[in-house]
Amino acid sequence: MTCVGCENKLFRSLNTIIGITNLQTSLVMARAEFDLDANASVDDVIRELAKTTGFTCQRLSTKGQTLDILVHGDARDFVNQKLPYGVEGMTAVDKVTVCVAYDAKLIGARDLLERGFDENISLAPARPYAELEFGSKHVRETAFMTAFSAILTIPVLVLAWAPLKPREILYGSISLALATIVQFVVAGPFYPSAFKALLFTRVIEMDLLIVLSTSTAYIFSVVAFGYQVRGKPLSTGEFFETSTLLVTLIMLGRLVSAFARHKAVESISVRSLQSGTALLIDDEYPGGVEVDARLLQYGDVFKVLPDARIATDGTVISGESEVDESHITGEAVPVEKSAGSNIIAGCLNGSGTLTVRLRRLPGENTISEIATMVDEAKFSKPKIQELADRVASYFVPVVVVLTLITFAIWVAIGRAVRNQTGGTAVVQAITYAISVLIVSCPCAIGLAVPMVVVIAGGVGARFGVVFKLAETIEIARKVSHVIFDKTGTLTMGELSVAAEEYLTEPGNSSAAALVLGLTINSKHPVSAAVAAHLMAQGIEPAVVDEVRSVTGSGMEGVWGKGNLRLRGGNSRWLAVQDNPKVSILLLQGRTVFCVTLGQDLIAVYGLHDSLRSDAKATVDELQTRGIAVSIVSGDDEGAVQRIGSELGINPSRVKSRCSPGDKQKYIKNLMEGNKDTILFCGDGTNDAVALAQASIGLHMNSGTDVAQSAADAVLVRPALDGVLVLIDLSRAAFRRIVFNFTWSFVYNTIAVLLAAGAFVNARIPPEYAGLGEIVSVLPVILIALQLRWFKRN
């Protein structure tokens, strides 16, 4: 796809196919995503698209594990065999290569190669990732056709412009032959594309302008040459150099545009950080043997040498080193790693050697996870894109009308003002009309937004901020109020028990054992900290049944033959806040965890948490910018007010004892009656409702998947300066979108006026009008690409 017209054509074609829902298309990625009814066939969809659009399509697999293998014989016959154990599907890539989709939990990649099939197979060379592979292929094909067109055009230009002996018929014959090849071989693909768009989807796109302009110049030249052969030459003669040079420059423009777009996407591709090899350790090779990273499987242990890139996510078994995680998490300072530490794929090891147990395979590791979220953002469209699409949809019809007006005016000028013959006036008018048709370019308008969105998404990922929606990039610049959760967001979330009180001993089990039995499997920071504290004391957990979480309050279960209700949570939920043991801890600003059995309070824990190192600086910077800051937390008032005081937040904006519904209500009240853009930053399950309610929900990745699914953007690492990156990157992206729109408007206005001859002493000749795409599109791509050098303020 080369312009927004192509995307509209693809969207309309897919939208007419029965069984397709939730359709999304991406111009920059040249991809479409949709849900397909179980009764529909992907192969039928591909055939229908080829018929109605002329696009060649290929199904992509972006989830699960796949492996490309080389087979003996025809790949199409190979894929028709019965699927071996663990194999979920096979697709022929070419005559000898098959893409195998498999369940890595049932069979590993090496096991699949060695004994998965009855016949000998081998690992195929690694292919580039889909968006890079197709982009590179498109650039190569466009470059070949451009070079072919240029080779044929140069002789035509020499015959037309060089001071040669006058042999009009011979030169004209050679020019006709070369121009015909250019018109039907190089420009030929534009014809079915333009007419299919017009016939099947009722879209008048850029290809139609190319067809009209080049065909007009070519046909007129053929007619003029025919008159010349008959000995009745027209006053203007033939101008095959116009049609051939026009096609060549159009192809050159598309080549430059395709190359720039491909390099822009390639430069911010997160997947490029994936290492191609790993140093595998096993019984046969205790020192390690280098294998293709695609052959890693669950249970593997691999070695990371100094200054090497980490192959995939894992846990360090032995060794110590410092790891540069800046490309993945945005963390500028190398992170110390030792036994028990988790390491992330794509990060760069320091001076030490690490032995690592694989935790996630390359197809599902952190790089793949981030890349998938970035790709999802590329498919979503901000509201400003709707304006661009609407303008672009009217662009080509308006240009056609302007062309007809230009033609009519110049015919009139030729006859009435310049006293030219009818033929001369028409020919003169045709040259102006051709220039208007081809010099105007909707591609810049179509790329103005998506190009910036793609680059901004990649840059954000580099700083540890992943956009899940393109609209987030558009509106984050307008954030006027930032609301933080407390535990795990503003604070480290690494709570420690500072005080504990046991009020009774029920039956044969100690209160501590009951508490551990209730909390041992909890992931909430408070109850998890209590459980860790008790396990460190060697407490054995009691058997507690029917344990469940009560969002925003605590957890409960059943214990003993009498099925006594055991509850643990905040003091308000358990109505024990007035108990002297509890109130003294609350006054100290502790996070208090209480446990009751039946109606009796049996244990009280006072926990301490510390602020994140960048919390104060982030809040100060936000307030300096005039952005209001609030805290909403389910914790007790003393603990929340203490954090608010340390951060210098207005006490009226510090809200404690908030349930998930209270957080949602607070945000909703702020948003009602004004146009404030509210950003909520949280990490827990009880933040999911607030994340969804806010204008922008920002999920801190140390939290839960439930919260992540409700968020609009994700902080890959738990660092609050990501909030500032989000806002600053949005502002930088929006400035470039505005520039791109302005440039597109200015270029098309001036170019059309020059082409139409509106200026007395300046015009764009039709043979040079094909340069329009380079002049219009290249600045848009370069301005978007400039975001690569974005830096945090």
Side-chain angles (χ1 to χ4, degrees), residues 1-3 5-7 9-10 27-28 30 49-50 53-58 94 128 131-158 160 174-197 205-219 221 240-266 434 437-439 441-443 446-447 766-778 781:
M1 296 195 292
T2 56
C3 68
C6 300
E7 186 182 9
K9 177 171 64 175
L10 176 64
L27 168 62
V28 176
L49 279 180
T53 66
F55 292 144
T56 55
C57 306
Q58 182 176 338
D94 53 39
E131 67 265 30
L132 302 182
E133 180 184 12
F134 296 141
S136 178
K137 182 180 178 182
H138 176 60
V139 170
R140 289 196 304 271
E141 291 174 349
T142 307
F144 174 79
M145 293 304 291
T146 303
F148 179 66
S149 183
I151 290 170
L152 297 177
T153 299
I154 289 172
V156 177
L157 299 180
V158 171
I174 296 173
S175 297
L176 172 61
L178 295 175
T180 300
I181 297 173
V182 171
Q183 192 66 32
F184 288 96
V185 176
V186 180
F190 293 126
Y191 285 83
S193 174
F195 292 129
K196 282 180 178 180
E205 60 170 13
M206 187 66 185
D207 285 355
L208 185 62
L209 298 186
I210 295 173
V211 166
L212 290 175
S213 57
T214 58
S215 299
T216 301
Y218 173 76
I219 292 171
S221 295
F240 287 112
E241 71 276 8
T242 297
S243 64
T244 54
L245 184 58
L246 185 56
V247 171
T248 300
L249 291 179
I250 288 170
M251 292 304 298
L252 179 62
R254 296 213 160 182
L255 172 62
V256 172
S257 175
F259 180 78
R261 283 163 54 192
H262 172 64
K263 286 300 179 183
V265 173
E266 185 181 54
I434 290 172
L437 267 178
I438 208 64
V439 78
C441 184
C443 302
L447 286 171
E767 59 267 30
Y768 296 117
L771 288 169
E773 184 160 355
I774 296 178
V775 178
S776 63
V777 171
L778 200 56
I781 296 174

Run the side chain to side chain donor-acceptor pair (under 3.5 Å) test against Thr242 and tell me which residues pass, sequence neighbours left out.
none
Stepwise side-chain contact (heavy atoms from CB on, under 4.5 Å) check, Thr142 with Phe259:
CA-CA 9 Å; Thr142 307; Phe259 180 78; over 6 Å; no
Distance only, no hydrogens: is a donor on one side chain within 3.5 Å (strictly under) of an acceptor on the other, for Gln183 and Thr214?
yes
Distance-only donor-acceptor pairs under 3.5 Å for side chains of residues 148-158, two or more places apart:
| unit_1 | atom_1 | unit_2 | atom_2 | d |
| --- | --- | --- | --- | --- |
| Ser149 | OG | Thr248 | OG1 | 2.7 |
| Thr153 | OG1 | Ser149 | O | 2.7 |
| Thr153 | OG1 | Thr244 | O | 3.4 |
| Thr153 | OG1 | Thr248 | OG1 | 2.6 |

Measuring from atom CG of Leu212 to atom CG of Leu437, what distance do you get when rounded to the nearest 0.5 angstrom?
6.0 Å
Check: Leu246 and Ser213 side chains under 4.5 Å, non-hydrogen atoms:
yes
Is the ring pair Tyr191/Phe184 parallel, tilted or perpendicular, if the boundaries are 30 and 60 degrees?
parallel
Residue list, side chain to side chain contact (heavy atoms under 4.5 Å, CB included) with Val256, at least two apart or on another chain:
Leu252, Ile774, Leu778
Quick one, Val139 and Arg254 - any side-chain contact, counting heavy atoms below 4.5 Å?
no
Going through the distances and angles, do Leu176 and Tyr218 end up as a side-chain contact (heavy atoms from CB on, under 4.5 Å)?
CA-CA 9 Å; Leu176 172 61; Tyr218 173 76; 4.2 Å; yes
Any side-chain heavy-atom pair of Leu255 and Met145 under 4.5 Å
no
